[in-house]
Amino acid sequence: MYKYDSLDQTLVNERVTQYEGQLARFLNKELSEEEFRPLRLQNGLYIQRHAPMLRVAIPYGLLSSAQLTKLADIADKYDRGYGHFSTRQNIQFNWPKLEDTPKILRELATVEMHAIQTSGNCIRNITTDQFAGVTPDEIIDPRYLAEIIRQWSTFHPEFALLPRKFKIAVTGSSKDRAIVQAHDIGLEVFTDKNNEMAIKVWVGGGLGRTPILGSVIRENLSWKHMLTYCEAILRVYNLYGRRDNMYKARIKILVKALGIEKFKQLVDKEWATIKNGPNTIDSKEINRIKAFFSEPNYKTDKKDDLKKHTTNKSFTQWLLRCTHSHKKEGYRSVTLSLKSNEQAPGDATSDQMRAVASLADQYSFGEIRVSHEQNLILSDVSEDNLFELWEKAKVKKLTTPNIGLLTDIICCPGGDFCSLANAKSIPIAKSIQDIFDDMDYLHDIGDINLNISGCMNACGHHHVGHIGILGVDKDGSEWYQLTLGGNQGNFASIGKVIGPSFSEEEMPKVIKKIINTYVKNRHPDEVFIDCVSRIGLEPFKEEVYGKKEKSV
Amino acid sequence: MSSQLIKDNSIVDDDWRQIMPPEAEIEVKKQAGKVVIFKLTGEDSLTSEQIEKTTMPKEGKLLLPVKVFLHHQDNLKGRISNQEIGIWIETHEEIESFINQIEDINNLPCIAVSTKKFADGRIFSIGNLLRMKYKYKNELRAIGDVLRDQLFFLKRSGFNSFLIRKDKDAKDALLGLNDFTTPYQGAVDQTKPAWKIINRN
Ligand code: HEM
Ligand code: SF4
């Protein structure tokens, strides 16, 4: 993975010093709340329900074991012994003290970590595929491109105060696991017919209040121009994006208002003046960064003793759901589920973090990935170590064999923590996990994504869940609206609301009815989302709301 | 009172005077019985009446609203060649709306960009465009809600002078120019990215 040189380290250290000063001036009343706000946000600090919330960047979801151990230490020392992994591959601490935040950042800097641009109206953490570099369907490893974008976007002076936040995702596989179409800029890297690395550029996607999937603005951009082209897009957005209404300020609104053709014209005009300019990348720089992501020392000699465990049903279930094919023969990628019904989705205790760090050291070259589904991944595990790893991870409750299943719920912090929430989301996730605790039944239901957000800001990605649950406020009480048919990946789509919303108590039963309808109607081997596409919403509505009276 | 102006890394006296147009008369319309004030995006440009009514002192160095400058530029030739006339614009004014009507922007010793709110990042793109695309070489000044914690970005976007908001300490703000030693990306002050300047292997 990427390692800091003195330039990276100096920048991060200087940032801590800068922030320390800003906080001191705020506490001294030299800075008003309004003046301090964007400064603290661009350092990941929110003021929340109970305490400040600190969001720490995990660039493109990649962590070393030393970094994860440091996060565990911070959770113990400054928080309540746990952290929350977010859908944008970051980690959040819910209970730090304001005065402690510079100390936390100082400690993070010792392991090459920071909270730079994890919030606020700027270019946020770059996200990518959690299986980058190891998945067999990969065309180009997106990690080194993500690192190049990370450096370019860090403290980019022109884009330091955009109309609104700006999210960039990169994918390099035929199957998109980074949801590039739901990002302000989505970069899909491929090899073109001249065998050159090229980029398909999407722009104007985003979830939130007005979910919109991105439009293609350029089919084939040469990698050299990746940064200058992004600069042109961002400049047009910076100058013309709305600043009068925060709910209409995302780039998606501008692209929609102008139309993609007109927007593209403006971008191309700007680009003409900076194309081939100083921020153009060359192969020397690409190779320098690429070298950080070279293959680990995979061993070639191994005895396959997986077969002797095939009678262990729990293990085989886990093998099926929680391990993924690898480009190297004899290796698998392992997802450690943070979705048992004993913890909020995406939460990990410091004890679990340390355990995962140690598993990474023993079995996966000391690296860990965070997925946008809020699980942790050991990307390079030799098959003959799987059983041992499973036994150790099981003790730490990290082996719920539910990856990709109904209870692998994506869930925002919701009303328990977030001051913007309309409704709680964690208890809903738990009540669903509780009634669907029969693993055999879950496996029978098969692949399905259930996503929950506590309000229309959509942190829990409910729009792109096959089943989406959204907390809504009705006369001051908490209700839940259900959407069906959302999807992520290459066939991304936005779910449709099925009808009036439900109370918290009704929710698990409603999900049960949805699943029953699917089970009743499915063809053999038909997954949930395909069944919804085929039969439409009507049968689900009938089951949930009862048959409508035929109108006369 | 000491000066609020930082120029080329030190606090200096300000010999420019910013000329303000008179207040616009806000159009009040009745809508469904309610009196509402009509503003589209909250960013009106000067009306021709405001332009006409702007008064200009006969001497001294003046920063004129760009629209006022365009209106009077033919009568100001002498003062322009005396280096007495600069312009100021607001962050919502498009450079393209005036740039072609000015013979040579490098005849203006100072261009100021006024930001109503420090969080309005358009000022950075405007600085970049004036320097890089339109090759402006003289003093580029940030005025309005200009605060310490944005100075580093303003500097990198091509500004070399900063009129710090009245209630803030300019000496303190000066420190903000040096928050970071070597940034990653090329911008205006240093056009090359770090990896093209130093050996990072
Ligand atoms: C607890 C404090 C949090 C606050 C105050 C917060 C605030 C917001 C707001 C206001 C938006 C909507 C922005 C917009 O549409 O322009 C948003 C969107 C989002 N947030 Fe959060 N959030 C919080 C936590 C989280 C967490 C824990 C996650 C990950 C699990 C997350 C991930 C996201 C994502 C993925 C979006 C949607 C991005 C898009 O619209 O493209 N946020 N958040
Ligand atoms: S979706 Fe709403 S409730 Fe949930 S974290 Fe985001 S802002 Fe808070």
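Here is the naming used below: chain letters follow the sequence lines, and residue numbers restart at 1 for every chain.
Ranking B:Ala187, B:Ser157, B:Ala119 against chain A, the residue ahead of the rest is B:Ala119, based on heavy-atom pairs under 4.5 Å. Heavy-atom pairs under 4.5 Å with chain B were tallied for A:Asn121, A:Leu162, A:Asp282, A:Asn245; the largest tally goes to A:Asp282. Among B:Phe152, B:Tyr184, B:Phe118, the residue making the largest number of heavy-atom pairs under 4.5 Å with chain A is B:Tyr184. Contact count versus chain B (heavy atoms, under 4.5 Å) is highest, among A:Pro38, A:Pro278, A:Gly241, for A:Pro278. Ranked by heavy-atom pairs shorter than 4.5 Å toward chain B, the options A:Arg15, A:Arg288, A:Arg235, A:Glu30 are led by A:Arg288. Highest contact tally toward chain A, considering only B:Gly186, B:Pro183, B:Ala194, B:Gly176, is held by B:Gly186 [criterion: heavy-atom pairs under 4.5 Å].
We find the CZ-CZ distance between B:Phe124 and A:Phe159 to be 11.0 Å, quoted to the nearest 0.5 Å. Here the NZ-CZ distance, from B:Lys117 to A:Arg243, works out to 11.0 Å after rounding to the nearest 0.5 Å. In this structure, CD1 in A:Ile148 is found 14.0 Å from CD in B:Gln185, a value given to the nearest 0.5 Å. For the atom pair A:Arg25 CZ and B:Asp149 CG, the distance stands at 4.0 Å (nearest 0.5 Å). Rounding to the nearest 0.5 Å gives a distance of 9.0 Å between CH2 of B:Trp195 and CD1 of A:Ile286.
Here the closest heavy-atom approach between residue B:Ser125 and residue A:Glu158 is recorded as OG-OE2, 2.7 Å. Residues B:Phe180 and A:Glu14 share a closest heavy-atom pair of CA-OE1, 3.2 Å. Shown here for A:Asp5 and B:Arg200, the closest heavy-atom pair between the two residues is OD2-NE, 2.8 Å. Taking each heavy atom of B:Gln150 and A:Leu161 in turn, the nearest pair found is CG-CD1, 3.8 Å. Here the closest heavy-atom approach between residue B:Phe153 and residue A:Phe155 is recorded as CE2-O, 3.7 Å. The two residues B:Leu129 and A:Leu239 come nearest to each other via the heavy atoms CD1-CD1, 3.8 Å.
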Distance-only donor-acceptor hits, side chain of residues 64-77 of chain B, under 3.5 Å, sequence neighbours excluded:
| residue | atom | partner | partner atom | Å |
| --- | --- | --- | --- | --- |
| B:Gln73 | NE2 | B:Gln101 | O | 2.7 |

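The neighbour count for B:Lys133 NZ, taken as heavy atoms of other residues, nucleotides or ligands under 6.0 Å away, is above 12. Heavy atoms of other residues, nucleotides or ligands lying less than 6.0 angstrom from CD of B:Glu103 number 12 at most. Within a 6.0 Å sphere centred on CG of B:Asp13, other residues, nucleotides and ligands contribute 12 heavy atoms or fewer.
Between A:His156 and B:Arg156, the closest side-chain pair of non-hydrogen atoms is not below 4.5 Å. When side chains are defined from C-beta on, B:Met132 does not count as touching A:Thr273, because their heavy atoms never get closer than 4.5 Å.
Using a 4.5 Å cut-off between heavy atoms, A:Leu11 contacts chain B through both its backbone and its side chain. For A:Asp8, the parts lying near chain B are the backbone and the side chain together; criterion is any non-hydrogen pair under 4.5 Å. In this structure, the portion of B:Ile198 lying under 4.5 Å from any heavy atom of chain A is its side chain and not its backbone. Heavy atoms closer than 4.5 Å to chain B are found nowhere in A:Arg37, neither backbone nor side chain. Looking at A:Gln18, only its side chain comes within 4.5 Å of chain B, counting heavy atoms on both sides. Only the side chain of A:Thr10 comes within less than 4.5 Å of a heavy atom in chain B; its backbone stays farther off. If you measure heavy-atom distances from A:Glu34 to chain B, the contacts under 4.5 Å come from both the backbone and the side chain. Looking at A:Asn13, there are no atoms closer than 4.5 Å to chain B (heavy atoms on both sides), in backbone or side chain. At a 4.5 Å heavy-atom cutoff, B:Asp145 makes no contact with chain A through either its backbone or its side chain. The part of B:Asn128 that comes within reach of chain A is its side chain, from C-beta onward, which places non-hydrogen atoms under 4.5 angstrom from that chain.
Look at A:Glu35 and B:Lys168 and you find a salt bridge, because one of the NZ, NE, NH1 or NH2 atoms lies within 4.0 Å of a carboxylate O, short of that distance.
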